[in-house]
Engineer: 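Below are the structure tokens for one structure; questions will follow.
A note on names: the letters A, B, ... follow the listed sequences, proteins ahead of strands, and every chain is numbered from 1.
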Amino acid sequence: MPETDLADAAIEWFDANARDLPWRAPGTSAWAVLVSEIMLQQTPVARVLPSYQAWLARWPEPAALAADTPAEAIRMWGRLGYPRRAMRLHECAVAIVARHGGDVPTDLDALLALPGVGAYTARAVAAFAYGQRQPVVDTNVRRFVARASRGKADAGPTTTPADLADTEALLPIEPGRAARASAAFMELGAVVCTARAPRCTDCPVVEVCGWRAEGRPTPTGPTRRPQQYAGTDRQVRGLLLAVLREADGPVQAGQLDLVWADAVQRDRALRSLLDDGLVSPAGDGRYALAGEA
DNA sequence: GAAGCGTGGAA
DNA sequence: TTTCCAAGCTT
């Protein structure tokens, strides 16, 4: 049964080679796991580490964050990127207090119902915080499974139901071991079975790898155009929010005018921040982070 | 299903 | 210097 071989080899390798990341320490709370997972969405581990420590030092449990303002969450988020994650994490804390008595829920559907928690994050919390047998599928796991199990060069477009089923089929039956396999698959995808230059000589499953068996074919599909950033509304949003984040309270609109010359684009970006709930009008021509005015 | 959403370090 | 992209989610 090669599927079992894959998980067993991955777990054995993980036990000996896993990076010593703080959210993997024994006794890490479910809240800490949730915070780490949200921060790690599209954000490198190295940049998350200091923010993670600071966040949990200030808000060690959901109730503490829920009692603070969204503005403070957005400010504490700093330059991690995608600041709506900070707002959603605050909303998460409020929902956890309101719906679950302040404890991060263990039920998958309850996790999925939390703001900013999707198919990946919900299962990551269920598996890593609560030891459940859930397929945890992020970009690393998709790539690893596509190569090792299916012999493909890359994972192709996301097909969540199929991705979940394919990965679930690889998991050991025992829940704790399944959770460990999920962590191992992620780690392998992140540090060995990488997108650009996979380190097959260091891979513990190379003997049963379908991609290797196929002669490591190169990707065939059209490469996705890289996202542009310079000059986009996205950049302007970032500039506007940086001003508000670094201010102690509401700022004059004139202050915001300084960060971008094009008034049309600037106003559009500000309006989108207001629509997203990241920014609030102070009512006197000033603007502030949400909940601060 | 595609597009929008930040940031900064490595290639 | 420019390009690429890193543990996704929402609409």
Engineer: Nearest nucleotide by nearest heavy atom, which residue falls closer to the 5' end of DNA chain C, Leu114(A) or Thr43(A)?
Structural biologist: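 Going by which nucleotide is closer to the 5' end, it is Thr43(A).
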Engineer: Atom CG in Leu270(A), atom CG in Asp275(A): separation rounded to 0.5 Å?
Structural biologist: 9.5 Å
Engineer: Can you tell me how far P of dG8(C) sits from CZ of Arg85(A), to the nearest Å?
Structural biologist: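 The answer, rounded to whole Å, is 9 Å.
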Engineer: More 5' along DNA chain C: Val117(A) or Trp23(A), using each one's nearest nucleotide?
Structural biologist: Trp23(A)
Engineer: Compare side-chain N and O positions of Tyr82(A) against OP1 and OP2 of dC9(C) and report whether any pair is under 4.0 Å apart.
Structural biologist: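 Checking Tyr82(A) against dC9(C): no side-chain N or O falls below 4.0 Å of OP1 or OP2.
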Engineer: Under 4.0 angstrom, heavy atoms only, what part of the nucleic acid is Leu21(A) near: base, sugar-phosphate, or nothing?
Structural biologist: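 Result for Leu21(A) = base.
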Engineer: Whether Arg245(A) contacts dT7(B) is assessed here as follows: a side-chain N or O lying under 4.0 Å from the phosphate OP1 or OP2. Is that the case?
Structural biologist: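 The answer is yes; a side-chain N or O of Arg245(A) sits under 4.0 Å from OP1 or OP2.
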Engineer: Between OG1 of Thr69(A) and NE2 of His90(A), what distance do you get to the nearest 0.5 Å?
Structural biologist: 6.5 Å
Engineer: Is Ala124(A) touching bases, backbone alone, or none of the nucleic acid, heavy atoms closer than 4.0 Å?
Structural biologist: nothing
Engineer: Any base atoms under 4.0 Å from Arg19(A), or only sugar-phosphate, or nothing? Heavy atoms, all strands.
Structural biologist: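 If one applies the 4.0 Å heavy-atom cut-off, Arg19(A) turns out to touch a base.
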Engineer: Let me know the distance between CZ of Arg84(A) and P of dG4(B), rounded to the nearest Å.
Structural biologist: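 It is 12 Å, rounded to the nearest whole Å.
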Engineer: Using the P atom as the point on both nucleotides, what is the distance between dA7(C) and dG4(B), in whole Å?
Structural biologist: 23 Å
Engineer: Hey, does Ser272(A) reach any base, or is it just sugar-phosphate, or nothing, if we go heavy atoms under 4.0 Å?
Structural biologist: nothing
Engineer: Under a 4.0 Å threshold between the charged nitrogen and the carboxylate oxygen, would Arg75(A) count as salt-bridged to Glu292(A)?
Structural biologist: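 The answer is yes: the pair qualifies as a salt bridge.
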Engineer: If we ignore hydrogens and angles and just use 3.5 Å, is the side chain of Arg142(A) paired with the main-chain N or O of Pro157(A) as donor and acceptor?
Structural biologist: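 Pair found, side chain donor or acceptor close to backbone of Pro157(A).
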Engineer: Are more than 12 heavy atoms, taken from residues, nucleotides or ligands other than Glu12(A), located less than 6.0 Å from that residue's CD atom?
Structural biologist: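 Not more than 12 within 6.0 Å, no.
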Engineer: Taking only side-chain nitrogens and oxygens of Gln42(A), does any of them come within less than 4.0 Å of OP1 or OP2 of dG8(C)?
Structural biologist: yes
Engineer: dA7(C), dT7(B), dC5(B): which one has an atom nearest the side-chain heavy atoms of Asp233(A)?
Structural biologist: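 Taking heavy atoms from C-beta onward, the closest nucleotide is dC5(B).
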Engineer: From the list dA7(C), dA11(B), dG4(B), which nucleotide is the closest neighbour of the side chain of Asp138(A)?
Structural biologist: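 That would be dA7(C).
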Engineer: Can you check the Leu112(A) CG to dC9(C) P distance for me, whole Å?
Structural biologist: 9 Å
Engineer: Calculate the interatomic distance between Asp154(A) atom CG and dC5(C) atom C1'; express it in whole Å.
Structural biologist: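 Taking atom C1' of dC5(C) as the reference, CG of Asp154(A) is at 15 Å.
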Engineer: Quick one: label Pro83(A) by what it contacts on the DNA or RNA (base, sugar-phosphate, nothing), any heavy atom closer than 4.0 Å.
Structural biologist: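 The residue Pro83(A) makes sugar-phosphate contact but no base contact.
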Engineer: OP1 or OP2 of dC9(C) sitting under 4.0 Å from any side-chain N/O of Thr121(A)?
Structural biologist: yes
Engineer: How is Leu241(A) classified with respect to the nucleic acid when contacts are heavy atoms under 4.0 Å: base, sugar-phosphate, or nothing?
Structural biologist: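 Here Leu241(A) touches no strand at all.
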Engineer: Can you tell me the distance, in whole Å, between the CD1 atom of Ile74(A) and the C1' atom of dG6(B)?
Structural biologist: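 Value for this atom pair: 14 Å.
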Engineer: Does a side-chain N or O from Arg79(A) land closer than 4.0 Å to OP1 or OP2 of dG6(B), or not?
Structural biologist: no
Engineer: Can you measure from CZ (Phe185(A)) to CG (Leu6(A)) and round to the nearest 0.5 angstrom?
Structural biologist: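 Going from the CZ atom of Phe185(A) to the CG atom of Leu6(A) covers 5.0 Å.
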Engineer: How many Å lie between CE on Met76(A) and C1' on dG6(B), as a whole number?
Structural biologist: 19 Å
Engineer: Using a cut-off of 4.0 Å on non-hydrogen atoms, how would the nucleic acid contact of Gly81(A) be classed: base, sugar-phosphate, or nothing?
Structural biologist: base
Engineer: Whole Å only: how far is the CG atom of Leu80(A) from the P atom of dG9(B)?
Structural biologist: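 In whole Å, dG9(B) P and Leu80(A) CG are 12 Å from each other.
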Engineer: Tell me: CZ of Arg123(A) to C1' of dC9(C), nearest whole Å?
Structural biologist: 14 Å
Engineer: Let me spell it out: for each of Thr159(A) and Arg47(A), pick the nucleotide of DNA chain B with the closest heavy atom. Which residue's pick is nearer the 5' end?
Structural biologist: Thr159(A)
